[in-house]
Amino acid sequence: MTTAVIRALGALAHDAAHTPAPAGCDCPPPVVLADRADGTVVRSGAVVAKAHAPGTDTAALAARLRLSACPALADVLLAPLPVPAQWPTAPVTAAERPARPSPYLTELHGRPVTLWPYGEPVDPGDPDAAPWEEAATLLARLHSTPLPAPGLPAPGLPAPALPVMRGPAKAALAVDRMRAARPGDPSTGPVLAAWQRLPDWARDETPAPADRARFLCHGDLHLGQLVRHPDPRGRWLLIDVDDAGIGDATWDLARPAAWYAAGLLPPDVWFRFLGAYRAAGGPALPADGHPWPELDVAARALTVQTAALALAKSAAEGRDPDEVEQLMIGSCARIATLPPELATGNAS
């Protein structure tokens, strides 16, 4: 992200944090919280401004923002902030002022931009305090949200219809990124073999079957997607709805499941997460019994996605995959050697 864009994000966050602006403001400079290809986030006081990925579907993003702002989900999703009506503050003509498909969305240097209240993130230095049970409970609430019948809004949910959850699309993009970063590299072989053993819908080649794509999903669940709001000790809420939509709810459980299968997530943590999801009435899994028949496809897809991103990232940084990354690549190698009847699993 260019310095000019980061400065503009900081100015927008500052303006939103001070509406109306006080005289003689002595706020500290804005702080960059994240700067990646899929988004840049800058904080000023109690507000953060996010520039979304280039090429983002703004109509779909506007629908996801309406979802985040929905009062029926106020105890699940962090609500966005309206963009100040007169932003940018510099004099512009009506033609120059960005068009807004949503009161929560504007544009900056060709990138969609949103505003959010600052929330306290999960502390990466205190893994014992990681809110796994809280994350599971939030997912159970989200997945239990009634969906509308075709063409009709559900009680409390915004219309028009929500977009499709982007989990499979992100997995496919990760594989494409790996291929581009390591063309012809034999290290990608196990990942590609595991990828090919997934059903078409999990590779984003066809729509998910109707009996699976029937839940409201987050689409990219990990601990970085939770914050406490109000800061510092408010309730936990889910953030980053860029991939949210209607889909297979097991996708939201698949990353911790994949980590557990690879040996990265301790069994006691996995079972706490699983138990909390079931205790909260999460509909993606049966209330008891082995969860893997339902989780298998999505967990394998997230294993491939994680391994593909590891190979792409390590190639870009000119290094070999580290120990954790090798565990996920090794998991792909094991998936690739499964007998066909096991590899297809619950693939319908």
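We count residues from 1, following the sequence as given. Please read all numbers here as calculations on a predicted model, not as lab measurements.
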Interatomic distance, Cys332 atom SG to Leu311 atom CG [nearest 0.5 angstrom]: 8.5 Å

For Ser144, enumerate each residue passing the side chain to side chain contact (heavy atoms under 4.5 Å, CB included) test, keeping only those at least two apart in sequence or located in another chain. Pro283

Run the side chain to side chain donor-acceptor pair (under 3.5 Å) test against Arg319 and tell me which residues pass, sequence neighbours left out. Glu317, Glu325

Strictly distance-based, threshold 3.5 Å: is any side-chain N or O of Arg43 a donor or acceptor partner for the main-chain N or O of Gly45? yes

Specify the closest pair of heavy atoms between Gly167 and Trp251, including all atoms of both residues, with the distance to one decimal. CA-NE1, 3.4 Å

Quick one, Leu226 and Pro121 - any side-chain contact, counting heavy atoms below 4.5 Å? no

For Asp185, enumerate each residue passing the side chain to side chain donor-acceptor pair (under 3.5 Å) test, keeping only those at least two apart in sequence or located in another chain. Arg182, Ser187

Return the CG to OG1 distance between Asp200 and Thr206, rounded to the nearest 0.5 Å. 5.0 Å

Distance-only, no hydrogens or angles: does the Arg228 side chain make a donor-acceptor pair with backbone N or O of Gly119 under 3.5 Å? no

When rounded to the nearest 0.5 angstrom, what distance separates CZ in Arg214 from CZ in Arg212? 10.0 Å

Around atom CG of Asp288, are there more than 12 heavy atoms of other residues, nucleotides or ligands at under 6.0 Å? no

Do Phe271 and Tyr260 have ring centroids that are under 6.0 Å from one another? yes

Sequence neighbours left out, what passes side chain to side chain donor-acceptor pair (under 3.5 Å) with Arg272? Give chain and number order. Glu133

Treating Arg197 as the side-chain partner and Ala336 as the backbone partner, does any N or O pair qualify as donor plus acceptor under 3.5 Å? yes

Residues pairing under side chain to side chain donor-acceptor pair (under 3.5 Å) where one sits in residues 301-310, two or more places apart or in two chains, turn out to be none

Is it the case that the side chain of Arg203 and the backbone of Leu198 share a donor-acceptor pair, with hydrogens and angles ignored and the cut-off at 3.5 Å? yes

Sequence neighbours excluded, which residues qualify as side chain to side chain contact (heavy atoms under 4.5 Å, CB included) partners of Ala257? Trp270, Trp292, Leu295, Ala299

Examine Phe215 and Leu73 and state if one hydrophobic cluster contains both, with Ile, Leu, Val, Met, Phe, Trp and Tyr joined whenever side-chain heavy atoms are less than 4.5 Å apart. no

Is the side chain of Arg111 donor-acceptor paired with the backbone N or O of Leu108 at a distance under 3.5 Å, no angle test? no

Do Leu138 and Leu274 sit in the same hydrophobic cluster, where Ile, Leu, Val, Met, Phe, Trp and Tyr count as joined when their side-chain heavy atoms come under 4.5 Å apart? yes

Do Trp195 and Leu309 share a hydrophobic cluster, counting only Ile, Leu, Val, Met, Phe, Trp and Tyr and linking them when any side-chain heavy atoms are less than 4.5 Å apart? no

For residues 47-61, pull every pair meeting salt bridge (charged side-chain N to carboxylate O under 4.0 Å, His left out), keeping only residues two or more places apart or in separate chains. Lys50-Asp240, Lys50-Asp242

According to side chain to side chain contact (heavy atoms under 4.5 Å, CB included), who are the partners of Ala287, at least two apart in sequence or on a separate chain? none

Sort and list the pairs that fulfil side chain to side chain donor-acceptor pair (under 3.5 Å) and have at least one residue in residues 117-132, not counting sequence neighbours. none

Arg166: which residues meet the side chain to side chain donor-acceptor pair (under 3.5 Å) condition with it, sequence neighbours left out? Asp243

Distance, nearest 0.5 Å, that separates CG of Leu216 from CG of Leu77: 7.5 Å

So which heavy atom on Pro321 is nearest to which on Ser314, and how close? CG-OG, 3.8 Å

I need the Leu61 CG to Ser102 OG distance, nearest 0.5 Å. 7.5 Å

Donor-acceptor contact present, side-chain Thr145 to main-chain Arg141, <3.5 Å: yes

Carboxylate-amine/guanidinium contact Arg255 Asp220, below 4.0 Å: yes

Path from Leu173 to Val164 over hydrophobic side-chain contacts below 4.5 Å: no

Taking the side chain as everything from C-beta on, heavy atoms only, tell me whether Val324 gets closer than 4.5 Å to Leu264. yes

Give the minimum heavy-atom separation between Leu115 and Pro84, together with the two atoms involved. CD1-CD, 3.6 Å

Quick one: list whatever passes ring pair (Phe, Tyr, Trp, His ring centres under 6.0 Å) with His143, sequence neighbours left out. Tyr277

Donor-acceptor check, side chain of Thr56 to backbone of Thr58, threshold 3.5 angstrom: yes or no? no

Check: Leu221 main-chain N/O paired with Asp252 side-chain donor or acceptor under 3.5 Å: no

Ala34: partners by side chain to side chain contact (heavy atoms under 4.5 Å, CB included), with sequence neighbours left out: Arg36, Val41

